[in-house]
Amino acid sequence: MNYRIPFNKPGLAGDELRYIADAITRGHSAGDGAYTAKCHAFLQERLQAARVLLTTSCTHALEMAALLLNIQPGDEVIVPAFTFVSTVNAFVLRGARPVFCDIRPDTLNLDERQLEQAITPRTQAIVPVHYAGVGCEMDAILGIAGRHGIRVVEDNAHGLFARYKGRYLGTFGCLATQSFHETKNIICGEGGALVVNDAAYAERAEIVREKGTNRARFYRGQVDKYTWVDIGSSYLPSDILAAFLFAQLERYELIDAIRERIWRRYDEGLREWAGENGVERPRVPEYCRQSHHMYYILLPSLEDRQALIGLLRERGILSVFHYLPLHLSDMGRRFGGKTGQCPVTESVSGRLLRLPFYNNLTESEQGEVISAICSFTTRPVESVGRAV
Ligand SMILES: Cc1ncc(COP(=O)(O)O)c(C=O)c1O
């Protein structure tokens, strides 16, 4: 079906085609060319990270993290039950057992109050996901991880340049991952980055990313030939994609300002309706500066959510939901996942609705979405009962 107002439209910042043409003309379209270097320098300087390495996706950056942490069969990794499969799959690929933790009902981030009880002697890593680019409770998470000597890998697919208590997300864990998939704020089609905050992982990260070879050292003239030194794979994107990405990174402040305006318009336009209909709006703690990655609402029930999706569809508007509880997926159940194990995740997953959100969403399109939603009345709360 063709929607008049789609859910997402990849936005261009302006210089993408010019930089791509330049990357091709320079004659280096493989990975680690001039534009990759520009992206690395840009991200490293802004994030003040020991090393940032572009990858072919956030999924691949997570796989690299699992390799760098030497995750072994039987190790346990604590993940939120409400996340994208890659957060978990990357570690399961190494043989780890995922331990699903429920989320907070306010920010929908991993509930740090339930973290300690999920830790066992086999726990090797905690992977908080900054949902919608709103920071997890990093003080508490780092405190618990530190006390138990467990490493933290942030899945920051949604939250590039968002902050928690003034500090950029993606700079708290020993490693963090970013996504530049076309649905994100800063895009290059498919792409990602591994942020290396603990310099002890930097050299091995280069090796793992380059098929297990010391090619990066060879290019720097530190060894006179390059060879196979470790396990690894091909995680580096073409410089053509890096050229696309650099054009976006250069304009990230403008992109964020546009997205902030869209986010606020939704929030203000829906406030009264939400209050009258028992609908929850996103909650952002005052010490978090979010990335304006998405706007979602939480309907009182699954029935209301499905009915609203239908109403919007009739008006040519595509709204979507996401993240089925991972512990209840086929794979999650193989790891012992059971209904009732993560009640907030289970409730939120059936009630969450994401609204169209893209950089060139016009004011009149957004007005249409808001008035369509405001024409919808949820069923009385007593008839469905509050889920959480
Ligand atoms: C939380 C989270 N982590 C990881 C990913 C995977 O990102 P990519 O498509 O760049 O592999 C996504 C994708 O949407 C995501 O939402």
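For the single chain, residues carry numbers from 1 onward in sequence order. Numbering of ligands and ligand atoms starts at 1, following listing order.
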Taking the six-membered ring for Trp, are H292 and W263 parallel (under 30°), tilted (30 to 60°) or perpendicular (over 60°)?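 Ring orientation of H292 relative to W263: perpendicular.
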Do the ring planes of Y287 and Y164 sit parallel (below 30°), tilted (30 to 60°) or perpendicular (above 60°)? perpendicular
Could R46 and F161 be counted as a cation-pi pair, given that NZ or CZ must be under 6.0 Å from the ring centre and within 45° of the axis?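 Not flagged: R46 not positioned over aromatic ring of F161.
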Within 45° cone of Y168 ring axis and under 6.0 Å: R163 NZ or CZ: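 Yes.
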Report the part of [X] in contact with ligand 1, treating N, CA, C, O as backbone and CB onward as side chain, heavy atoms under 4.0 Å; options are side chain, backbone, both, neither.
{"X": "T59", "value": "both"}
{"X": "H158", "value": "side chain"}
{"X": "F82", "value": "neither"}
{"X": "A157", "value": "side chain"}

For ligand 1, which atoms, with element, lie under 4.0 Å from some heavy atom of [X]?
{"X": "S179", "answer": "7 (O), 8 (P), 10 (O)"}
{"X": "V129", "answer": "1 (C)"}
{"X": "S57", "answer": "10 (O), 11 (O)"}
{"X": "C58", "answer": "4 (C), 6 (C), 7 (O), 8 (P), 10 (O), 11 (O)"}

Is K211 paired with D230 through a side-chain N to carboxylate O contact shorter than 4.0 Å?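 No, this pair does not count.
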Residues passing the ring-ring contact (aromatic ring centres under 6.0 Å, His included) test with Y226, sequence neighbours excluded, are F218
Side chains of T123 and I78: does their closest heavy-atom pair fall under 4.5 Å? yes
Within a radius of less than 6.0 Å around CD of E272, do more than 12 heavy atoms belonging to other residues, nucleotides or ligands occur? no
Identity and separation of the nearest protein heavy atom to [atom]:
{"atom": "atom 3 (N) of ligand 1", "value": "D155 OD2, 2.7 Å"}
{"atom": "atom 16 (O) of ligand 1", "value": "Y323 OH, 2.7 Å"}
{"atom": "atom 5 (C) of ligand 1", "value": "F84 CD2, 3.4 Å"}

Minimal non-hydrogen separation, H327 against T345, with atom names: CE1-CG2, 4.3 Å
Quick check on G191 - does any of its heavy atoms sit under 4.0 Å from an atom of ligand 1?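 True for this residue.
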Report the member of H181, K184, H293 with the shortest heavy-atom distance to atom 13 (C) of ligand 1. K184
